[in-house]
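For reference, the structure discussed in these notes is given below.
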Amino acid sequence: MPGSVVMKTPRLFSPAVAKTLLPESLGADFQRVMAPVAKEARHRCELTGFPYPQTQDKENHSWLMLEPREEMTVARAGNAKPLIKTPEQLAQDIKNQGINSKTVRAVCPLYFWARHTDLALSFRRGSLVFAPWISQTELLQFFRALMVASTQKGVPAATDARQTLYKFGALFGNGSTLCEVTGFPEDMEWTATGWLKSVRRLPARERRTYLQRFAVNLRFWPDPDAFKPLAPYWAKVIKTKIGKAEQVAGTPWMNHYQSYLRELQNKNLAPVNKA
């Protein structure tokens, strides 16, 4: 993904106001309030720079998501220092000023759900996996490359991509593995939502210490079915940027995907592709 924002790990907890900005919460109003924010962002994710132009249908649909704009700038001794707003401040900003480009930003759906993992689990957009060898940003890149490859017809790698998309979560997100790496008792059934609820109940200091020790190796793995409608669009963008797929095999953009896949295999992803 282009852009300057790099995520090593997912963000596990969201401010309460983030849920009110979801398409599921805003309903028919979502595209209406999204339109001016997306236009201000030039129809690109403000974190990654990935393009998401509005469709030309009557609803002017956009794949971008709305996220509370959390940074604020405070002048101190002549220098501007960025600070992060509290959840209460985020909610108050939107209450006072409404939903606009000053209070929210347009974010790529992959990045949005990885930055709001608790919401992603609730709305079945993905799961947690144990993947210490790869950053969250790299994992999202890997997922998108697999989704694009999986859409291609008559290409052997497409079948491998589809298999990997579904096997990755099963192999690295099984309950016994996650129970062990998060320090849960072996006799307890591990679920991502149950784990998050338990962690949230911890006192702030204990929660911070626990997450630093046990959550550092967890990543968010998007649900292939949830993002299937986006795969053809991602493929279109890649064809435009890398080259048109005029032949079944040997095209520049497919070679780009395969090279990236080999690179990730060197980071201990080979067992997934052998399964």
- Item | Stepwise side-chain contact (heavy atoms from CB on, under 4.5 Å) check, Leu12 with Asp118 | CA-CA 6 Å; Leu12 298 175; Asp118 51 349; over 6 Å; no
- Evaluate the side-chain contact (heavy atoms from CB on, under 4.5 Å) criterion for residues Tyr166 and Asp225: first the C-alpha distance (whole Å), next the side-chain angles of each, then the deciding distance (0.1 Å), finally the verdict. CA-CA 9 Å; Tyr166 291 96; Asp225 291 330; 2.6 Å; yes
task = Show your working on side-chain contact (heavy atoms from CB on, under 4.5 Å) between Trp113 and Asp223 and close with a plain yes or no.
result = CA-CA 11 Å; Trp113 294 112; Asp223 185 327; over 6 Å; no
| request: Take Val199 and Arg207, measure what side-chain contact (heavy atoms from CB on, under 4.5 Å) needs, and give me the verdict at the end. | output: CA-CA 6 Å; Val199 174; Arg207 181 170 63 249; 3.7 Å; yes
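Residue pairs meeting the side-chain hydrogen bond (donor to acceptor under 3.5 Å, both in side chains) criterion with at least one partner in residues 210-222, sequence neighbours excluded, are Trp195-Tyr210.
Under the 4.0 Å criterion applied to side-chain N and carboxylate O atoms, Lys102 and Glu40 are not assigned as salt-bridge partners. Under 4.0 Å is where a charged nitrogen must lie from a carboxylate oxygen, and between Lys85 and Glu70 no such pair does.
Trp133 and Val216 are not part of a single hydrophobic cluster, where members link through side-chain heavy atoms under 4.5 Å apart.
Taking the side-chain hydrogen bond (donor to acceptor under 3.5 Å, both in side chains) definition, one finds that Trp63 meets it with nothing, sequence neighbours left out.
Considering OG1 of Thr48 and CG of Leu140, their distance stands at 10.0 Å, rounded to 0.5 Å. For the atom pair NZ of Lys167 and CZ of Phe172, the computed distance is 12.0 Å after rounding to the nearest 0.5 Å. Going from atom CZ of Arg11 over to atom CZ of Arg115 covers 4.0 Å, rounded to the nearest 0.5 Å. The distance from atom OG of Ser101 to atom NZ of Lys39, rounded to the nearest 0.5 Å, is 11.5 Å. Remark: Asn174 CG to Thr177 OG1 distance equals 3.5 Å, nearest 0.5 Å. Remark: Leu218 CG to Leu178 CG distance equals 6.5 Å, nearest 0.5 Å.
Side-chain atoms of Thr103 come within 3.5 Å of backbone N or O of Gly98 as a donor-acceptor pair. The backbone N or O of Val148 lies less than 3.5 Å from a partner atom in the side chain of Thr151, making a donor-acceptor pair. In this structure, Glu138 contributes its side chain and Ser135 its backbone to a donor-acceptor pair below 3.5 Å. Remark: the backbone N or O of Glu67 is not paired with any side-chain donor or acceptor of Arg105 at under 3.5 angstrom.
In this structure, Gln97 places its CD atom where more than 12 heavy-atom neighbours from other residues, nucleotides or ligands lie under 6.0 Å away.
Ring centroid separation for the pair Phe143 and Phe168 does not come in under the 6.0 Å cut-off.
At least one side-chain heavy atom of Tyr233 sits less than 4.5 Å from a side-chain heavy atom of Pro51. Looking only at side-chain heavy atoms (C-beta outward), Leu64 and Val37 stay at 4.5 Å or farther from each other. Side-chain contact between Thr137 and Tyr111: present, with at least one pair of heavy atoms (C-beta onward) separated by less than 4.5 Å. Annotation: side chain of Leu230 is not in contact with side chain of Met147 (no heavy-atom distance under 4.5 Å). In this structure, the side chains of Phe50 and Leu110 stay at 4.5 Å or more apart for every pair of heavy atoms. Under the 4.5 Å side-chain criterion, counting only non-hydrogen atoms from C-beta, Glu46 is in contact with Arg69.
Across all their heavy atoms, Pro222 and Phe227 have their closest contact at CB-CE1, 3.6 Å.
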Please tabulate, for side-chain N and O atoms in residues 16-25, each donor-acceptor pair with protein atoms closer than 3.5 Å (sequence neighbours left out).
from	atom 1	to	atom 2	distance (Å)
Thr20	OG1	Val17	O	2.5
Glu24	OE2	Arg125	NH2	2.5
Ser25	OG	Lys19	O	2.5

